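Encoded as C-alpha cells, the structure appears first; notes follow it.
For clarity, every value in this text was computed on a predicted model and none was experimentally measured.
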Amino acid sequence: MENKNISIGLFGFGCVGQGLYDVLNHSQGLKANIEKICVKDKNKTRKIDAGFFTYDKEEILKRGNHNVVVELIDNADEAFAIVKQAMNNGVSVVTANKKMLAENFRELYEIQTRNKVALIYEGSAGGSIPIIRNLEEYYDNELLSSVKGILNGTCNYILTRMEFENKDYQDVLKDAQSNGFAESDPWLDVAGFDTKFKALLLTVHAFGIVLNPEDIFNTGIQNVSYEDILYAKQRGLRIKMLAVSHKVGDKFRVYTLPHFVSGDSELYNVNYEYNAVEVEGAYSCKQTFVGKGAGSHPTGSAVLSDISALTYDYKYGYKKLKKFISSSGIIPEGKPQIEYDFAIKLYIRYQERERLNDLEIISVEEEYKASGTNYIIANVNFKSLFNIYNKRDNKLFICVI
Ligand code: HSE
C-alpha cells in the first residue's frame with residue numbers, strides 16, 4: 001500500500017513548532033508538508049515566509065484542506081478546544097501537549113474512538129525517546145511490572161549544573177528557559193507537574209490504567225539547595241527527579257518525587273536535559289531508553305515520527321486499556337488500582353519544624369539540626385504527602401532515599 005500524502009495544518013510556531021519545521025525540511029522521503037501555521041502574535045518577526053501564517057484558527061480547522069492537524073501551542077485549554085474540533089471534523093491529530101492530554105484523557109479517548117481518527121503524541125513524554133509507541137506496540141504482550149525514569153529535562157538540567165558547576169538554582173533555571181527546555185510556567189517543571197503528566201500517559205500505555213492528574217502525588221526540586229546536592233555528593237549519590245509507576249502485589253504505586261540514585265543505577269549518568277526511561281517486564285527484564293528529553297529539535301523529531309506514522313494510518317491500539325473498558329465504552333477510574341497506604345523512606349530538609357506536622361511520620365532514622373540546614377530521614381506514610389501537596393511556601397525539599 002502506498003503511503004499517503006500529509007497536508008499539515010500546524011498550531012504554534014514556538015520552540016517545538018520551529019524544531020518540527022527544521023527536521024521536516026531535512027527529512028527525506030516523507031510525503032508531508034506544513035501548509036498553514038496558526039499563531040497568536042501578529043507582531044513577532046518569524047524566520048519563514050509570512051504567507052505560511054494565519055491568525056485565525058478556523059482557517060485551518062474549517063477549510064478541510066489538511067488531513068492532519070499538529071498542535072504545538074502552549075495553552076492546554078486552547079489546545080484541547082483545537083484538538084477536539086479537529087477530531088470532530090474527522091482529522092487526525094499529532095500533539096506534544098502532555099498537560100492537555102493528562103487533564104482530558106478520557107474525553108480525548110472517547111472523541112478519537114467515536115470519530116475513528118488518530119490522536120498520537122510521542123513528543124509528549126521523554127522528548128526524543130520513542131517510549132509511547134514502544135510501550136504500546138513492542139511491549140503489547142509483555143507483563144510489565146515497572147516504568148520509571150527521568151522525564152523532565154529542565155529539572156535534570158538544573159540538578160546537573162548545580163552539582164557539576166556549583167551554579168545557583170535561579171541562574172540555571174534561567175538557562176533552561178533560554179535553551180527552550182522549560183515550560184512557559186516553569187513551576188510546572190520544577191514542582192513535578194510536567195513529570196506527573198508524563199507519568200500518567202506512560203501508565204496508560206504500560207498498564208492500561210487511566211488516572212486523573214490529582215490521583216498522582218508530585219513534588220519536585222523547587223526547594224532544592226546546594227546542601228542537598230552536597231549531601232548526595234558526599235555519599236556517592238545524585239538527586240534525580242523521577243516518575244515512578246510500578247506494580248507491587250496486585251496494586252500500583254504511581255508518583256513523582258526526587259530520588260537519591262547511586263552510581264550503580266543507569267539513571268546516575270543521565271545528565272543535563274537528557275531523559276531516561278527504565279522499563280521492567282517479567283521476560284524482557286530491565287531495559288533503559290535514554291535520549292534528549294527537551295528542546296526544539298529532539299521534540300520536533302518525535303513529532304515528525306508521529307507525522308510519518310500517519311502516512312500509514314497508524315493509531316494507538318490501546319491494547320492494555322481496552323482490557324478494562326466495558327462494552328458501553330466507559331473507561332474505569334484507575335484510582336482504585338493505586339496503593340497510597342505504604343511507608344516510604346524520605347530525606348526531608350526543612351526550615352520550620354512545624355511544617356512536618358502534616359506528615360504522618362512512622363519512624364525517624366536520623367535527625368540533623370544546624371544553623372541554616374535541618375533535615376530528617378524518616379519513614380513516612382505516603383498518603384500523608386497529599387497533606388502538603390502543592391504548597392508553594394513550605395520550603396520543604398523531599399527526596400526518596
Ligand atoms: N519542559 C519540558 C521538560 C519540555 O523540561 O522536559 C519537554 O516535555
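Applying the salt bridge (charged side-chain N to carboxylate O under 4.0 Å, His left out) rule to pairs touching residues 8-24 yields Asp22-Lys47, sequence neighbours excluded. Residue pairs meeting the ring pair (Phe, Tyr, Trp, His ring centres under 6.0 Å) criterion with at least one partner in residues 127-162, sequence neighbours excluded, are Tyr157-Phe181. Screening residues 266-282 for salt bridge (charged side-chain N to carboxylate O under 4.0 Å, His left out) gives Glu273-Lys292, Glu278-Lys286 as the qualifying pairs, with residues at least two apart or on separate chains.
A donor-acceptor distance shorter than 3.5 angstrom exists from the side chain of Arg106 to the backbone of Ile331, with no hydrogens or angles considered. A donor-acceptor pair is defined here as one N or O able to donate and one able to accept, closer than 3.5 Å; such a pair exists between the side chain of Lys198 and the backbone of Leu151.
A perpendicular orientation is assigned to the rings of Tyr272 and Phe164, their planes being inclined by more than 60° (bins at 30° and 60°). Taking the six-membered ring where the residue is Trp, Phe342 and Tyr255 present tilted rings, their angle falling between 30° and 60°. Ring pair Phe382/Tyr340 is parallel by interplanar angle, where below 30° counts as parallel and above 60° as perpendicular.
For the residue pair Tyr226/Asn166, the side-chain donor-acceptor check at 3.5 Å is satisfied. Remark: the Thr54 side chain and the Glu59 side chain contain an N/O donor-acceptor pair separated by less than 3.5 Å.
Taking a cutoff of 4.0 Å between a charged side-chain nitrogen and a carboxylate oxygen, Asp393 and Arg355 qualify as a salt bridge. Ion pair Glu183/Lys98 flagged as a salt bridge, since at least one NZ, NE, NH1 or NH2 atom sits closer than 4.0 Å to an Asp/Glu carboxylate oxygen. Using a 4.0 Å cut-off between charged side-chain N and carboxylate O, Glu107 and Lys84 make a salt bridge.
For Asp306, the salt bridge (charged side-chain N to carboxylate O under 4.0 Å, His left out) test picks out Arg133, with sequence neighbours left out. In this structure Lys391 satisfies the salt bridge (charged side-chain N to carboxylate O under 4.0 Å, His left out) test together with Asp358, sequence neighbours excluded. The side chain to side chain donor-acceptor pair (under 3.5 Å) search around Ser184 returns Asp74, not counting sequence neighbours.
Annotation: cation-pi pair Arg349/Tyr347 absent, no NZ/CZ under 6.0 Å from the ring centroid and within 45° of its normal.
With a 4.5 Å cut-off on side-chain heavy atoms, Thr113 and Glu110 do not count as touching.
For Tyr375 and Phe397, the ring centers are positioned 6.0 Å apart or more.
Residue Phe386 holds its CZ atom at 9.5 Å from CD of Glu214, rounded to the nearest 0.5 Å.
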